[in-house]
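Residue numbers count from 1 along this sequence.
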Amino acid sequence: MSYTENYKGIKLDVQAVNMIIGETVKTEIRGILDRLSKHVTQINWASFHFEDKSSKSTDAKHVGIRLGIPGPDVFASDNGENFMALLAHVEEKLIRQLEKRHKGE
């Protein structure tokens with residue numbers, strides 16, 4: 001499943017391999033974009049990648065997020081067992097990258 005939307009001027013692209021993204025996850029994705037917007041002046045696009053490798057016994061789920069912002073893009077990903085927890089971990093990683101970049105300016 002994949003879908004694209006324009007969320008508050010941000011081109012949002014979501015790719016989901018071997019799964020369907022429900023409304024709860026879509027709402028969380030939008031919340032993540034709102035929170036990340038507080039750490040950067042402009043987000044041009046955001047790409048979310050979800051994959052469920054049910055055949056793996058551990059860390060079967062994967063989440064990756066790439067943000068198109070002025071300058072080099074930022075990217076973070078993680079593997080685990082719960083998509084909502086993975087989204088939170090990846091969001092934290094992106095916030096740390098954005099804060100580190102902001103301090104370097």
Side-chain angles (χ1 to χ4, degrees):
M1 173 202 164
S2 65
Y3 82 95
T4 302
E5 72 172 275
N6 186 328
Y7 179 71
K8 296 184 178 180
I10 301 168
K11 181 183 179 240
L12 172 60
D13 180 46
V14 177
Q15 300 291 320
V17 179
N18 300 326
M19 59 179 291
I20 295 174
I21 299 294
E23 283 304 315
T24 303
V25 175
K26 289 179 183 179
T27 300
E28 182 60 20
I29 288 170
R30 293 178 192 114
I32 288 170
L33 289 176
D34 288 339
R35 292 186 294 273
L36 290 173
S37 293
K38 296 174 185 173
H39 297 276
V40 65
T41 56
Q42 180 181 2
I43 299 175
N44 298 315
W45 55 267
S47 177
F48 286 70
H49 182 267
F50 295 85
E51 190 166 1
D52 188 358
K53 300 177 184 175
S54 300
S55 60
K56 287 183 69 178
S57 59
T58 60
D59 294 340
K61 295 172 176 38
H62 173 81
V63 172
I65 303 174
R66 183 177 303 277
L67 296 179
I69 60 175
D73 298 344
V74 292
F75 173 78
S77 67
D78 204 353
N79 296 303
E81 298 299 324
N82 180 294
F83 279 118
M84 297 304 272
L86 289 172
L87 279 170
H89 292 157
V90 174
E91 178 184 358
E92 290 170 12
K93 289 178 179 183
L94 289 172
I95 288 171
R96 284 194 301 271
Q97 288 181 44
L98 294 170
E99 288 174 345
K100 188 184 267 187
R101 178 185 283 189
H102 183 69
K103 288 179 185 177
E105 291 178 352

Measuring from [X]:[atom1] to [Y]:[atom2], what's the distance to the nearest 0.5 Å?
X     : Y     : atom1 : atom2 : answer
Gln42 : Leu67 : CD    : CG    : 12.0 Å
Asn79 : Lys61 : CG    : NZ    : 11.5 Å
Ile65 : Asp73 : CD1   : CG    : 13.5 Å
Asn44 : Lys11 : CG    : NZ    : 11.5 Å
Met19 : Met1  : CE    : CE    : 8.5 Å
Ile69 : Leu94 : CD1   : CG    : 9.0 Å

Can you give me the closest heavy-atom contact between [X] and [Y], atom names plus distance?
X     : Y      : value
Gly64 : Ser77  : CA-CB, 3.8 Å
Leu86 : Gly80  : CD2-N, 3.5 Å
Lys93 : Ala76  : CB-CB, 3.7 Å
Gly71 : Arg101 : C-NH1, 4.4 Å
Ala60 : Glu81  : N-OE2, 3.5 Å
Ile10 : Ser37  : CD1-OG, 4.2 Å

Less than 4.5 Å apart, side chain to side chain, heavy atoms only: is that true for Thr4 and Asp13?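 Of all side-chain heavy-atom pairs linking Asp13 with Thr4, at least one is under 4.5 Å.
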
- Query: Is Phe83 reachable from Ile20 through a run of I, L, V, M, F, W or Y residues, each pair having side-chain heavy atoms under 4.5 Å apart?
  - Reply: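 Yes.
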
Exercise. Following the transitive rule for hydrophobic clusters with a side-chain heavy-atom cut-off under 4.5 Å over Ile, Leu, Val, Met, Phe, Trp and Tyr, establish whether Met84 and Ile95 coincide in one cluster.
Key: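 Hydrophobic grouping puts Met84 with Ile95.
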
Exercise. Taking Gln97 for its side chain and Phe75 for its backbone only, find out whether a donor-acceptor pair lies under 3.5 Å.
Key: yes

Which donor-acceptor pairs under 3.5 Å do the side chains of residues 45-52 make with protein atoms, sequence neighbours left out?
from, atom 1, to, atom 2, distance (Å)
Asp52, OD1, Ser54, OG, 3.4

Show me the side-chain donor-acceptor pairs of residues 23-34 shorter than 3.5 Å, one per line, residues at least two apart or across chains.
from, atom 1, to, atom 2, distance (Å)
Thr27, OG1, Glu23, O, 2.9
Glu28, OE2, Arg35, NH2, 2.8
Arg30, NE, Glu5, OE1, 3.4
Arg30, NE, Glu5, OE2, 3.4
Arg30, NH2, Glu5, OE2, 2.9
Asp34, OD1, Tyr7, OH, 3.0
Asp34, OD1, Lys8, NZ, 3.1
Asp34, OD2, Tyr7, OH, 2.8

